[in-house]
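Down below is the structure, laid out as structure tokens.
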Amino acid sequence: MKKKLLLLSLASLTAGAALAEYPDKPVTIVVPFAAGGPTDKVARDLAESLRKPLGATIVIENVGGAGGTLGATKVAKAAPDGYTVLLHHIGMATSPALYRNLQYKTLDDFEYLGMVNEVPMTLIGKPGLPANSYPELVKWLEANKGKINLANAGLGAASHLCGLLFQSALKIDMTTVPYKGTGPAMTDLMGGQVDLMCDQTTNTTSQIEGGKVKAYAVTTTKRLTTPALAKLPTLDEMGMKGFNVSIWHGVYAPKNTPKAVLDKISTALRTAIRDPEFIKRQEALGAVVVTDGRVNGAEHKKFVEAEINKWGPVIKAAGQYAD
Ligand code: ASP
């Protein structure tokens, strides 16, 4: 009898240990934009290098719409078990100022797991646009006021922020056309259905290289070194003094995910972003992998808080918000 009891408790102990073993099923990374866009590309690249250190199959789920806030809401409300995480960009910091009814609290409803990379943006135009340089583009914009369409991925997206700053610096209003991500927006831009877009180099480099779109400028204060982008002037050089938009990405889990699980994910994440293959893939697209303290959750959170404080007043000054 005693032996039987001992065997039974041993069996339940083993079952408990197996249950507690994380991860024992696929981990979903929610990308809050459509497939084929820049955030999706970063996530798919990251998944390649994260699979092994995490010891799990990784599934990418695209939840596009409302500038990334739908995907972020989904993760904020997901079970805090480490099987649903979010890869998001600067939109984590811009959406609190843009959405009056955001369904989550950016700083309270997530566990911060670490940052991944920083990506510059490029100002690009449809192939048929007559302007062949930034000064020619400005002339064309002046001459076509009221008729210009600017694609973006919705309020709170990086493309929205860049377009907003660009329009207010030039004092030219454009009609914005929102998409679920700049992947589908790029298709329309290449097809000439929209005129302009500002998007991450992770989405634009190969289209610029292939001559599928026109490229006018970069949004960082330093010129880029990626061969296809090196000849582009910065907007700062072109007279928009101080124009500096660099898009960072980070990884988040729902609040109250167990610490052991968070530690496992962030350790695997740090290993993944040090993978020379990941670094090479990112650099080829103009992105720089984060190597400083922001690879840790606490520094990542501090940085996002600083970004909320940086962009909030800029966005409010531009008078933009949504319900
Ligand atoms: N990152 C893009 C943006 O913010 C959207 C996307 O990834 O599709 O505009």
Side-chain angles (χ1 to χ4, degrees), residues 37-39 41-42 45 89-90 93-94 115-127 129-142 150-153 157-170 172 174 182 185-186 189-190 195-249 273 276 278-292 294 303 307 310-311 314:
T39 315
K41 284 199 184 96
V42 172
D45 254 9
H89 64 21
I90 194 169
T94 57
M115 278 174 52
V116 175
N117 65 4
E118 293 204 53
V119 193
M121 300 188 90
T122 43
L123 182 66
I124 56 176
K126 64 182 180 186
L129 222 142
N132 287 315
S133 64
Y134 182 79
E136 284 180 23
L137 175 69
V138 174
K139 277 192 199 134
W140 182 82
L141 293 172
E142 296 280 355
L150 175 72
N152 71 20
S159 45
H160 165 259
L161 176 69
C162 179
L164 182 67
L165 299 178
F166 184 62
Q167 289 175 80
S168 62
L170 276 186
I172 296 180
M174 303 175 198
T182 47
M186 178 65 91
L189 185 79
M190 291 191 299
D195 301 315
L196 281 180
M197 177 160 76
C198 188
D199 199 19
Q200 284 97 305
T201 57
T202 30
N203 197 32
T204 63
T205 304
S206 56
Q207 315 300 358
I208 295 172
E209 222 162 22
K212 303 230 170 71
V213 292
K214 293 206 169 172
Y216 297 108
V218 296
T219 62
T220 42
T221 43
K222 262 201 203 151
R223 282 193 182 214
L224 307 180
T225 51
T226 311
L229 310 172
K231 61 179 185 310
L232 295 177
T234 67
L235 284 172
D236 176 87
E237 256 175 73
M238 291 288 102
M240 291 191 181
K241 285 287 158 234
F243 197 110
N244 191 17
V245 183
S246 175
I247 306 308
W248 42 267
H249 292 86
I273 65 171
F278 178 68
I279 296 174
K280 206 164 89 190
R281 289 195 294 270
Q282 291 294 294
E283 283 178 350
L285 297 175
V288 178
V289 174
V290 170
T291 52
D292 56 33
R294 296 171 301 166
F303 177 75
E307 286 281 285
K310 171 178 166 182
W311 293 112
V314 176

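Both backbone and side-chain heavy atoms feed into the values below; hydrogens, waters and symmetry mates do not.
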Show me the side-chain donor-acceptor pairs of residues 208-216 shorter than 3.5 Å, one per line, residues at least two apart or across chains.
from   : atom 1 : to     : atom 2 : distance (Å)
Lys214 : NZ     : Leu129 : O      : 2.7
Lys214 : NZ     : Asn132 : OD1    : 2.7
Tyr216 : OH     : Ala131 : O      : 2.7

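Glu307 pairs by the side chain to side chain donor-acceptor pair (under 3.5 Å) definition with Trp248, Trp311, not counting sequence neighbours. Applying the side chain to side chain donor-acceptor pair (under 3.5 Å) test to Thr220 and every residue at least two apart in sequence or in another chain returns nothing. In terms of the salt bridge (charged side-chain N to carboxylate O under 4.0 Å, His left out) criterion, residue partners of Lys280 (sequence neighbours excluded) are, by chain and number, Glu277. Contacts of Asp236 classified as side chain to side chain donor-acceptor pair (under 3.5 Å), with partners at least two apart in sequence or in another chain: none. For the salt bridge (charged side-chain N to carboxylate O under 4.0 Å, His left out) test, no residue two or more places apart in sequence or in another chain qualifies with Lys139.
Checking side-chain atoms of Thr201 against main-chain N and O of Leu285 turns up a donor-acceptor pair under 3.5 Å. Between the side chain of Asn117 and the main chain of Gln282, no donor-acceptor pair closer than 3.5 Å is present. In this structure, Arg281 contributes its side chain and Asp45 its backbone to a donor-acceptor pair below 3.5 Å. Between the side chain of Thr182 and the main chain of Ala185, no donor-acceptor pair closer than 3.5 Å is present. The backbone N or O of Val245 sits less than 3.5 Å from a side-chain atom of Thr219, completing a donor-acceptor pair.
Within a 6.0 Å sphere centred on NZ of Lys222, heavy atoms belonging to other residues, nucleotides or ligands number 12 at most.
When every heavy atom of Ser159 is checked against every heavy atom of Ala153, the shortest pair comes out as OG-N, 2.9 Å.
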